[in-house]
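This report refers to the structure that appears directly beneath it.
Values below: all heavy atoms of this structure, side chains included; hydrogens, waters and symmetry mates excluded. Numbered from 1 within each chain, the chains take letters A, B, ... in sequence-line order.
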Number of protein chains: 2
Amino acid sequence: MRKTISVAPDSTHCSTCALSELCLPLGMSREQRVKLDQLITKRIQVKKMDALFHLGDKVEAVYAIRSGSIKTQLEDAAGRAQITGFLLPGEIAGLDGLIELQQPSHAIAMENTEVCVIRLDEMDALAPHLPILQQQFRRLMSKEIQRSHQMVMSLGLLLSEQRVAGFLLNMSQRLSALGYSSTQFVLRMSREDIGNYLGLTLETVSRLFSRFGREGLIRVHQREVQLLNLDALRELAGASCD
Amino acid sequence: MRKTISVAPDSTHCSTCALSELCLPLGMSREQRVKLDQLITKRIQVKKMDALFHLGDKVEAVYAIRSGSIKTQLEDAAGRAQITGFLLPGEIAGLDGLIELQQPSHAIAMENTEVCVIRLDEMDALAPHLPILQQQFRRLMSKEIQRSHQMVMSLGLLLSEQRVAGFLLNMSQRLSALGYSSTQFVLRMSREDIGNYLGLTLETVSRLFSRFGREGLIRVHQREVQLLNLDALRELAGASCD
DNA sequence: CGGACTCTTGAACCATGTCAAGGCGTGTGG
DNA sequence: CCACACGCCTTGACATGGTTCAAGAGTCCG
């Protein structure tokens with residue numbers, strides 16, 4: 001289910017949002033953020049497992065995650081899915097859809113999720129009065145390009161153990177930026193999703209989680225993860241086999 | 001070697017450029033393109049094998065390829081390269097560098113190459129007077145995100161033969177958009193570069209070129225390629241193993 | 001409490017990598 | 001203009017990381 005709601009005047013806006021240091025308002029002054037408030041007039045609530053948008057849907061907006069989390073996935077010619085990202089609060093979904101007028105990917109909620117709707121036409125209308133908005137939006141798009149390139153590198157160059165260690169560290173770092181613990185968290189996705197994202201099978205991910213556990217690097221119980229030795233994980237992820 | 005030259009008043013500008021249907025001017029009216037001419041005041045010529053920019057260089061501009069071709073590559077922790085793209089005329093280099101002020105990648109000319117310099121500060125200055133510029137730039141960035149996601153899918157999901165067939169078709173399609181033959185062209189990169197880009201070894205690429213040759217799909221002689229059976233290649237690239 | 005997921009673990013297999021040898025082409029210096 | 005050397009490509013034999021297939025154990029939820 002997908003429910004659209006208007007942002008009540010007394011509700012939280014960009015200017016008062018806890019995520020403003022990660023999301024679109026990053027780098028803006030108090031006044032600039034107040035201007036930005038005009039832009040966000042609608043939110044959408046998506047239930048766990050439901051889609052924020054589907055491949056082929058008309059593109060009219062991008063979506064800033066306010067709470068919850070979303071996975072985005074492409075489909076290949078044979079209908080198999082490739083997950084291209086797990087989005088957390090403060091991150092933007094739909095950045096790959098701004099060429100054609102059709103979404104090239106699905107966006108599916110991994111838990112009950114709320115997003116802020118950023119309409120493209122309204123962004124263009126506001127932009128001349130808020131030039132920093134374009135710059136920040138450009139930065140967010142560039143970041144996605146960089147992230148995706150890193151992913152290509154990971155898939156092209158790294159061993160499975162390096163990818164999995166890197167994945168855990170990446171989650172840790174992003175969750176800690178949101179104010180959560182960097183060493184203890186709950187994965188919102190299945191082993192299969194992690195494997196798909198990392199270009200591995202769910203069995204390989206499971207085996208590596210078990211091995212890392214045996215080696216004392218992490219503790220895993222179902223989707224709860226504890227990172228016990230960040231340095232060792234970093235070495236595993238970063239250092240090459242030399 | 002890397003030589004900066006000013007654009008002479010009587011030289012080709014965006015408004016008269018042959019690439020205008022692919023590059024930044026796409027979708028602009030005659031008048032809008034004339035405005036865009038102000039933006040491009042410098043070009044850079046880069047010799048084969050030399051760098052347009054290096055990892056760590058300060059970011060002040062992005063670069064539209066005017067002639068020649070460029071490969072962009074990241075470096076992993078161990079110093080190994082991962083090629084993230086082969087850029088042809090009309091395509092833009094440096095889109096991944098707009099967050100930090102440092103280039104996250106190297107851009108290396110695969111042949112003698114000339115690029116138009118698009119300074120970010122000048123783009124921001126021009127934007128309020130040319131709103132379509134922002135939109136087109138956004139489209140180009142979105143396209144790069146989409147392309148990179150496709151690459152992730154290819155690396156995550158496809159067999160080597162599908163990746164290589166897909167690569168040939170992709171080159172064919174882009175070269176034909178530039179007015180070249182879609183069935184006969186010269187690859188500007190080595191087998192090693194192709195392999196690196198596709199997450200394979202040069203031996204695997206070579207073996208597949210040979211096999212496709214034996215099967216009558218293509219003819220290869222060194223870096224010259226002829227596509228003899230586009231449909232069969234498409235089937236190979238697109239259809240899954242079912 | 002039962003049924004359906006989801007995860008773990010083992011064993012066999014295979015796609016692709018690694019290592020090694022040789023061929024082709026091109027440019028350079030004698 | 002030839003010969004030699006170097007880089008790039010091809011091909012073969014073998015090694016291996018990761019997949020596939022299969023069985024069983026938790027865990028969640030109605």
Next item on the list: Using side-chain contact (heavy atoms from CB on, under 4.5 Å) as the criterion, point out the one residue from M189(B), M110(B), H106(B) that pairs with K71(B).
Entry: M110(B)

Note to self: Among L228(A), V225(A), L227(A), exactly one meets side-chain contact (heavy atoms from CB on, under 4.5 Å) together with R219(A). Which residue is that?
What the structure shows: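 Testing R219(A) for a side-chain contact (heavy atoms from CB on, under 4.5 Å) against L228(A), V225(A), L227(A) leaves exactly one candidate, L228(A).
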
Grab the [atom1]-[atom2] distance between [X] and [N] for me, whole Å please.
| X | N | atom1 | atom2 | answer |
| --- | --- | --- | --- | --- |
| R219(A) | dC7(C) | CZ | C1' | 19 Å |
| L159(B) | dG18(D) | CG | C1' | 13 Å |
| Q162(A) | dG17(D) | CD | P | 12 Å |
| R163(A) | dT19(D) | CZ | C1' | 13 Å |
| L208(A) | dG18(D) | CG | P | 8 Å |
| L158(B) | dG18(D) | CG | P | 18 Å |
| R211(B) | dT11(D) | CZ | P | 13 Å |
| E224(B) | dC8(D) | CD | C1' | 16 Å |

Next item on the list: Working to the nearest 0.5 Å, report the span between CG of L217(B) and CZ of R234(B).
Entry: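 Going from the CG atom of L217(B) to the CZ atom of R234(B) covers 12.5 Å.
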
Next item on the list: Could you tell me the separation between the CZ atom of R80(A) and the CD atom of Q73(A), rounded to the nearest 0.5 Å?
Entry: 13.5 Å

Indicate yes or no for a side-chain donor-acceptor contact from [X] to the backbone of [Y] under 3.5 Å, with no hydrogens or angles considered.
| X | Y | result |
| --- | --- | --- |
| S182(A) | Q173(A) | no |
| Q103(A) | K58(A) | no |
| S154(A) | R163(A) | no |
| T113(A) | V46(A) | no |

Margin query: Does dA15(C) have OP1 or OP2 under 4.0 Å away from a side-chain N or O of S160(B)?
Written below: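 No, outside the criterion.
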
Next item on the list: Measure centre to centre between the rings of Y197(B) and F86(B), then say whether the value is under 6.0 Å.
Entry: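 Yes - the distance between ring centres of Y197(B) and F86(B) falls below the 6.0 Å cut-off.
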
Margin query: Using five base pairs at each end to define the local axes, how bent is the helix from dC1(C)-dG30(D) to dG30(C)-dC1(D), to the nearest 10°?
Written below: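 If I round to tens, the end axes sit 40° apart.
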
Next item on the list: Enumerate the residues from residues 185-207 of chain A whose closest heavy atom to DNA chain C is under 4.0 Å, giving them by residue number; use none for an empty result.
Entry: S190(A), R191(A), L202(A), E203(A), S206(A), R207(A)

Notebook entry, point to check: Base, sugar-phosphate alone, or nothing: which one does R223(A) contact when heavy atoms must sit under 4.0 Å apart?
Noted result: sugar-phosphate

Next item on the list: Identify the residue among R223(B), K47(B), K48(B), R188(B) that makes a salt bridge (Lys or Arg N to Asp or Glu O under 4.0 Å) with E111(B).
Entry: R188(B)

Next item on the list: For each nucleotide in nucleotides 25-30 of chain D, reading 5' to 3', give B when a protein heavy atom comes within less than 4.0 Å of its base, S when such contact involves only the sugar-phosphate, and - otherwise.
Entry: --S---

